[in-house]
Amino acid sequence: TSSSKESSNAELTDLTVLLDWYPNAVHTFLYAAQAQGYFKEAGLNVKLQTPADTNDAIKLVATGKADLAFSYQMQVAVSRSEDIPIVSVAAIVRHPLNQLFALDSAEMNSPKDLIGKRIGYPSSPMDEAIVNTMVRAEGGDPAKLNYVDVGWDLIPSMTTKKVDAIIGGFVNHEKLLLEKEGEKLQTFDPAEYGVPDYYELVLAASEEGLRNKGDAIKKFLQAATKGQEYTAQHPDESLQVLLDKQDKEFPLDPEIERKSLEVLLPLMDAGAEPFGSQTEASWNSAIDWLTNHQLMKKEIKANEAFRNL
Amino acid sequence: MSRGISASAPVILFVILLAICWEALATIFHIPHYIIPKLSGVFISIGENWELLAKHCGVTLGESLLGLGISVVWGTIAAIWMDSSSLAKRTIYPLIVMSQTIPMIALSPIMVMWFGYEIWSKVAVVVLFTFFPIVVNTADGFRTADLDIGELMRTMGTRKRDLFLKWKIPAALPGFFTGIKMAAAFSVVGATLGEWLGGEAGLGMYTKRASNMLRGEEVFSGVLLLSAMGILLFLAVQGVERVTLSYRKNAKS
Amino acid sequence: MSRGISASAPVILFVILLAICWEALATIFHIPHYIIPKLSGVFISIGENWELLAKHCGVTLGESLLGLGISVVWGTIAAIWMDSSSLAKRTIYPLIVMSQTIPMIALSPIMVMWFGYEIWSKVAVVVLFTFFPIVVNTADGFRTADLDIGELMRTMGTRKRDLFLKWKIPAALPGFFTGIKMAAAFSVVGATLGEWLGGEAGLGMYTKRASNMLRGEEVFSGVLLLSAMGILLFLAVQGVERVTLSYRKNAKS
Amino acid sequence: MNGVVTKQQTPALSVRGLTYSFPGERPLFDDLSFDIQEGEFVSLLAASGMGKTTLFRLLAGLIDSPKGEIVASGRQISLTEAASKGAQIGYMPQKDCLMPWRTVLDNAALGLELNGTSKRVARMRVMEQLPLVGLEGTEHKYPHELSGGMRQRVSFLRSLLGGADVLLLDEPFSALDAMTRINMQEWLLQVWEQHRKTIVFVTHDVDEALLLSDRVLVAAISPVTVLEEIIVPIPRPRKYETVMDAEFIGLKRQVLSLISRTQHRSGLEGESL
Amino acid sequence: MNGVVTKQQTPALSVRGLTYSFPGERPLFDDLSFDIQEGEFVSLLAASGMGKTTLFRLLAGLIDSPKGEIVASGRQISLTEAASKGAQIGYMPQKDCLMPWRTVLDNAALGLELNGTSKRVARMRVMEQLPLVGLEGTEHKYPHELSGGMRQRVSFLRSLLGGADVLLLDEPFSALDAMTRINMQEWLLQVWEQHRKTIVFVTHDVDEALLLSDRVLVAAISPVTVLEEIIVPIPRPRKYETVMDAEFIGLKRQVLSLISRTQHRSGLEGESL
Ligand SMILES: Nc1ncnc2c1ncn2[C@@H]1O[C@H](COP(=O)(O)OP(=O)(O)OP(=O)(O)O)[C@@H](O)[C@H]1O
Ligand SMILES: Nc1ncnc2c1ncn2[C@@H]1O[C@H](COP(=O)(O)OP(=O)(O)OP(=O)(O)O)[C@@H](O)[C@H]1O
Ligand SMILES: [Mg+2]
Ligand SMILES: [Mg+2]
């Protein structure tokens with residue numbers, strides 16, 4: 001594009017962004033921004049990197065090995081209570097993606113029906129707390145739930161009937177994959193059953209990073225916002241950029257990613273607010289919920305956990 | 001006894017030194033506690049959670065021992081079989097090598113499908129980790145048994161059983177113990193990995209959960225205990241070896 | 001050559017049988033393809049993606065070989081050191097055992113911190129996997145060198161260097177090769193695991209992503225290639241061993 | 001007793017048309033035939049490297065010979081049968097082949113143990129015999145703590161206690177001093193006479209061969225096609241002074257002249273040193 | 001040349017007050033002192049298990065003795081020094097100690113190689129000497145393909161080629177037949193005379209000891225406190241017929257009477273078999 005000429009001679013600032021997972025539809029806006037030259041225009045040289053998991057990503061950002069990392073609102077809160085100095089700078093996906101799944105054949109009407117059944121979850125106490133809340137909201141006794149830690153194998157554990165329901169799967173990924181396999185699913189959104197309607201995906205920076213590279217991060221967010229706007233307007237073109245990029249490493253399934261993006265776009269939309277903006281209310285409710293479930297080692301202040309740049 | 005202590009003095013000193021370095025470096029270089037927590041913090045965490053840790057220790061130890069036991073029994077049988085039949089050797093050995101080249105985590109759904117989320121999936125992983133060193137080293141022990149002694153026994157009209165009991169087995173014992181020592185060290189890692197594939201209890205699950213909750217001290221207290229468990233298993237086997245192969249000790253002095 | 005083929009006939013037959021069973025069972029029992037795909041599907045997937053797979057193969061092979069090379073060099077040096085000084089032995093050996101008892105994935109942030117996301121973090125994992133068998137087996141080889149030959153050489157006024165070159169090294173070679181063979185099998189798993197800790201390329205990354213996408217065929221094509229790579233590395237080392245230790249072959253016939 | 005008596009019995013060992021060579025080597029034996037009678041004491045003399053040990057291994061069924069036939073006590077010897085046939089043959093190898101993980105006591109008791117004797121009884125019997133081989137007090141030592149000659153004696157004791165009727169002894173006394181050797185010879189003859197064993201004895205000591213044997217077999221030319229036979233008609237019990245007798249010296253000269261025909265770079269007897 | 005001449009030179013080996021016992025065992029040597037003169041050929045006779053091999057290992061610096069002093073060519077021998085002192089002493093162990101991964105050629109060349117001789121030259125020299133030990137044509141065999149006597153000869157050749165001035169030979173010919181043994185003896189004497197070596201020779205063969213040596217040292221009583229000395233005044237070159245001479249027989253009787261004092265369950269010479 002024409003704008004790339006102007007910035008090509010200017011000094012570019014390096015910015016490393018750690019993804020939450022391998023590149024997929026949720027990252028489309030970054031690839032779109034990259035392709036449209038928005039980052040370069042903003043004087044940035046953005047490097048996207050896939051870590052082993054988001055726990056690693058947060059630590060690497062906190063130690064300055066990377067500038068930004070995709071993380072989860074709950075994870076940022078817990079990190080801060082563990083004295084890991086990171087701050088959420090943008091809410092990327094504004095609603096829970098992590099929902100409770102059961103096979104249609106399990107014939108559940110409410111999370112309460114889980115009592116006496118087995119629930120698979122991926123080694124995270126947070127997931128247990130979510131289901132407990134959902135069951136309690138329906139008047140059930142969470143103490144009667146059977147949890148099975150299924151590690152990495154959420155889907156196989158359910159389809160081979162080792163468990164009756166799973167928590168930890170995302171509506172924009174696991175659900176789509178299962179449907180593609182011909183399995184009918186029931187999903188229960190935690191937000192509808194007493195869990196705060198938290199931000200699923202956020203971008204986190206370290207306190208130190210904000211001090212030193214605050215400007216660059218701000219510019220990055222502005223460019224990303226443009227990327228998101230572009231994606232919303234041209235979802236297919238944007239997605240194609242991602243798919244083409246990934247073809248060289250590992251081909252993504254275009255059908256799945258397209259559906260995923262369809263699911264994601266409304267959940268990423270901040271409405272009247274600018275893309276990524278966060279509210280103290282959301283943070284307060286998330287922190288309260290975590291505190292109630294004893295998932296926080298110590299109290300933290302909501303207004304320190306996030307910053308709208 | 002006192003000799004054992006003086007023999008292990010260097011490594012004890014070294015470990016203490018290491019511990020001091022750990023604490024000092026973590027303090028001096030301000031290494032973030034969530035990357036490497038201070039050793040003191042780890043010990044405090046162990047102290048606070050010792051009841052829970054003891055329970056999880058027991059679970060992991062049980063899985064390790066069970067898996068190790070199965071590997072010892074079946075590994076020895078496989079080694080014996082491989083030694084007694086070249087057909088078996090040419091079939092089993094490549095398969096065992098193959099089993100080691102398969103990145104097991106890729107097969108975790110299969111493990112779970114076959115063995116479920118009970119103790120058996122963990123035991124299966126332990127077996128996968130420990131079978132190989134036992135078979136390889138025991139088979140090696142058999143293979144290097146002094147052929148002249150075997151010939152001599154054959155002239156005495158020795159039955160196959162006695163050839164095994166009185167020639168092959170004593171000759172293979174050193175290799176067998178080397179194998180079990182290696183397997184003992186591996187078994188704990190195997191159990192940990194097994195727990196990561198899904199499990200309710202055990203130190204592996206403890207560290208994974210702690211890691212998901214970003215609690216560095218707890219992760220490291222789990223790791224420390226796992227490592228200690230592995231080393232203790234190793235030392236236990238070494239102790240049995242020392243007693244069993246006492247004739248070798250003399251041979252070296 | 002023809003002898004080599006007839007010697008490996010049983011295992012080839014067995015593998016073919018295994019392949020047929022795989023295909024048949026997957027078909028008959030309707031096992032979901034993302035848990036165990038049909039073998040034919042796996043081959044089709046390999047055929048479709050072979051260019052990509054070849055690229056990833058190259059990456060993983062490079063990591064494995066680099067790590068293996070480093071382990072061979074440093075493992076041998078460590079074994080030599082342990083053999084020449086009992087202090088070193090009593091210090092290094094427990095540390096090496098310790099290193100094997102630590103569930104490495106628990107330390108992945110440290111690996112990444114120290115070695116970054118480039119090839120070095122993968123190589124580090126490979127080294128962690130392969131160092132141990134090489135050190136243990138080589139040290140064992142040194143330890144079992146015939147002391148009488150060593151004594152004889154000492155009376156000949158042999159310098160330390162020659163004692164090593166002409167006595168210890170030839171005596172340790174069989175153990176050394178056993179160690180490298182085991183390490184070769186492990187190296188590929190190490191590289192895979194390293195890639196799981198974060199990487200852009202390699203068969204490990206390929207299988208991990210495929211597994212996340214529920215693409216069983218692609219997972220298994222990665223696994224199959226990884227396993228083949230491990231076996232080929234193993235066989236390559238075995239080939240070198242056969243040539244180097246030809247005197248032993250005679251000793252057995 | 002002497003050689004003439006035993007001649008009338010059935011052969012304990014019978015070799016017919018034996019031909020053998022190690023793969024890729026010159027043949028060691030070519031169409032060799034000979035008999036050892038039951039109860040006979042036969043010595044085998046041949047230069048180093050001519051195949052005595054190999055012959056013993058063939059007789060003991062440790063190597064299969066593609067050509068020729070070896071019959072022990074009426075039974076064909078072959079590799080596959082060897083393991084199952086019971087302790088028909090007691091072989092004392094040239095190397096001592098002691099088990100490093102067994103003490104002197106348990107090494108010597110091996111043959112008895114394998115015969116089905118209980119461990120306790122086997123040990124008791126060994127303990128009784130240890131003084132006879134001059135090893136009293138060493139029962140709890142391991143082989144690496146023994147001198148060469150002591151190892152040889154343990155090996156010898158093990159073979160004798162094995163209980164086989166045919167003994168193949170491969171240079172059993174080569175590492176022993178004169179005195180110890182005499183004791184061993186004495187004891188061996190005692191066992192031979194009491195238990196009516198058949199003994200084939202490899203030695204490089206011509207005096208020893210003549211003093212102990214009914215017959216001396218000499219292999220002179222390689223490949224061995226024939227074993228030259230020298231019957232020792234000296235009556236038993238023999239005395240060590242016998243070596244000075246004219247008859248003995250005559251036999252010795254005969255043996256030495258056979259041996260010196262060996263196709264071998266050879267010094268002649270009486271050559272100057 | 002004979003023993004009397006060499007007496008006037010400085011000792012090649014000097015042992016003073018040597019006391020040694022294996023840990024937890026009865027002492028083998030107790031305050032033992034003796035000298036070996038430069039250029040001397042000395043044989044050592046002692047019953048099996050009395051400590052000949054142990055003495056050699058002490059002399060070669062392979063065991064450290066806490067008590068007593070061993071001086072070779074004016075230099076104190078100790079364990080720590082042994083490795084660095086260069087090939088002062090050529091030790092031929094009782095076991096052959098051949099390297100299983102080396103051929104006959106390379107095993108025999110070991111000593112030369114370690115002396116700094118190039119591999120090529122070392123091999124050439126071995127190839128020249130192989131016929132002298134009757135091993136021509138076996139140069140590419142591995143030790144396990146050799147007979148016991150052949151292995152012993154390879155080991156002997158290796159020691160001789162090592163180039164040391166003092167040779168400690170521990171039963172070098174025990175596994176050899178009479179003819180081969182004579183050749184080896186001949187060759188050994190040749191080397192000894194040509195290169196002015198000092199040789200200490202362990203054997204159980206009294207004739208061999210007397211025929212080869214300037215002096216015979218006999219250890220009769222264990223623990224060894226003294227080595228009885230018998231000087232062999234027979235002029236060189238000696239002949240094998242010498243064994244029939246009265247002088248020789250007298251010496252032999254002397255040696256045997258010394259040996260028979262050994263505190264050992266002993267049969268007397270001339271006892272009936
Ligand atoms: N495993 C083998 N492979 C090849 N050749 C062999 C093997 N074993 C022995 N030989 C050869 O066979 C020949 C006879 O060996 P054998 O051990 O039978 O001799 P021997 O008569 O017992 O000699 P010695 O008196 O030295 O013990 C030798 O030339 C030897 O090199
Ligand atoms: N490593 C050892 N540990 C304990 N005792 C030993 C050891 N080596 C040898 N001995 C003992 O020392 C004594 C002398 O052994 P040595 O080998 O020196 O005898 P030798 O005179 O060479 O006998 P031979 O003529 O049988 O070779 C023997 O009684 C033996 O048991
Ligand atoms: Mg022989
Ligand atoms: Mg000795």
Side-chain angles (χ1 to χ4, degrees), chain A residues 52-65 71-72 74-86 118-129 146-163 166 168 206 208 290 293-298, chain B residues 26 29-38 41 44-45 48-49 52 56 59 103-122 125 192-220 222:
Chain A
D53 60 27
T54 52
N55 296 328
D56 281 5
I58 282 183
K59 290 175 189 167
L60 292 171
V61 165
T63 51
K65 294 274 162 185
S71 180
Y72 310 107
M74 302 281 196
Q75 196 176 33
V76 171
V78 170
S79 299
R80 289 198 63 85
S81 84
E82 295 288 336
D83 291 326
I84 304 177
I86 56 163
R118 292 155 303 167
I119 307 146
Y121 74 107
S123 330
S124 166
M126 209 116 58
D127 289 314
E128 275 180 298
N146 287 327
Y147 287 101
V148 180
D149 184 338
V150 297
W152 290 291
D153 304 308
L154 284 173
I155 295 178
S157 70
M158 186 162 66
T159 55
T160 58
K161 307 277 196 296
K162 299 278 174 199
V163 295
I166 53 172
S206 68
E208 172 115 25
L290 285 168
H293 286 87
Q294 277 126 38
L295 294 169
M296 303 276 264
K297 210 174 196 176
K298 65 173 203 201
Chain B
F29 290 104
H30 298 293
I31 295 173
H33 69 101
Y34 44 87
I35 299 282
I36 306 182
K38 278 187 208 154
I44 290 168
S45 161
E48 280 168 0
N49 301 308
L52 196 63
H56 289 308
V59 172
M104 199 243 337
I105 308 188
L107 304 185
S108 64
I110 303 183
M111 298 295 274
V112 168
M113 197 176 74
W114 285 344
F115 300 105
Y117 285 108
E118 310 309 310
I119 192 171
W120 294 110
S121 64
K122 288 112 207 161
V125 179
T192 309
L193 194 58
E195 287 166 10
W196 278 336
L197 299 188
E200 297 305 85
L203 285 176
M205 190 225 60
Y206 184 88
T207 53
K208 196 180 175 199
R209 287 190 152 214
S211 156
N212 276 337
M213 295 305 288
L214 298 158
R215 299 197 183 143
E217 282 83 4
E218 292 178 19
V219 173
F220 273 79

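Chain A is the first sequence line, chain B the second, and so forth, proteins listed ahead of strands; every chain is numbered from 1. Every value quoted in this text rests on a predicted model; they were computed, and no experiment measured them.
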NZ on A/K162 to CD on B/E118, rounded to 0.5 Å: 8.5 Å
Under 4.5 Å from a heavy atom of chain A, the part of B/M205 involved: side chain
B/L197 portion near chain A, given a 4.5 angstrom heavy-atom threshold: both
Portion of B/Y34 that has a non-hydrogen atom of chain A nearer than 4.5 angstrom: both
Smallest separation among heavy atoms of A/S123 and B/K208, with atom names: OG-NZ, 2.7 Å
Closest contact, heavy atoms only, B/H33 versus A/E82: CE1-O, 2.7 Å
Chain B contacts, top residue of A/V150, A/T160, A/V78, A/I155 (heavy-atom pairs, under 4.5 Å): A/V150
Test: B/R209 and A/E128 ion pair at under 4.0 Å: yes
Minimum-distance pair of heavy atoms, taken over all atoms of A/K59 and B/L214: CE-CD2, 3.9 Å
Which atoms of A/L60 approach chain B - backbone, side chain, both or neither, heavy atom under 4.5 Å: neither
Residues A/S124 and B/N212: side-chain donor-acceptor under 3.5 angstrom: no
Shortest non-hydrogen separation from B/S108 to A/D153 and the atoms involved: OG-OD2, 2.7 Å
Region of B/P32 in contact with chain A, defined by heavy-atom distances below 4.5 Å: side chain
Gap between atom CE of B/M213 and atom NZ of A/K297 - 0.5 Å precision: 10.0 Å
Most chain B-contacting option - heavy-atom pairs closer than 4.5 Å, from A/V163, A/V148, A/T54, A/I84: A/I84
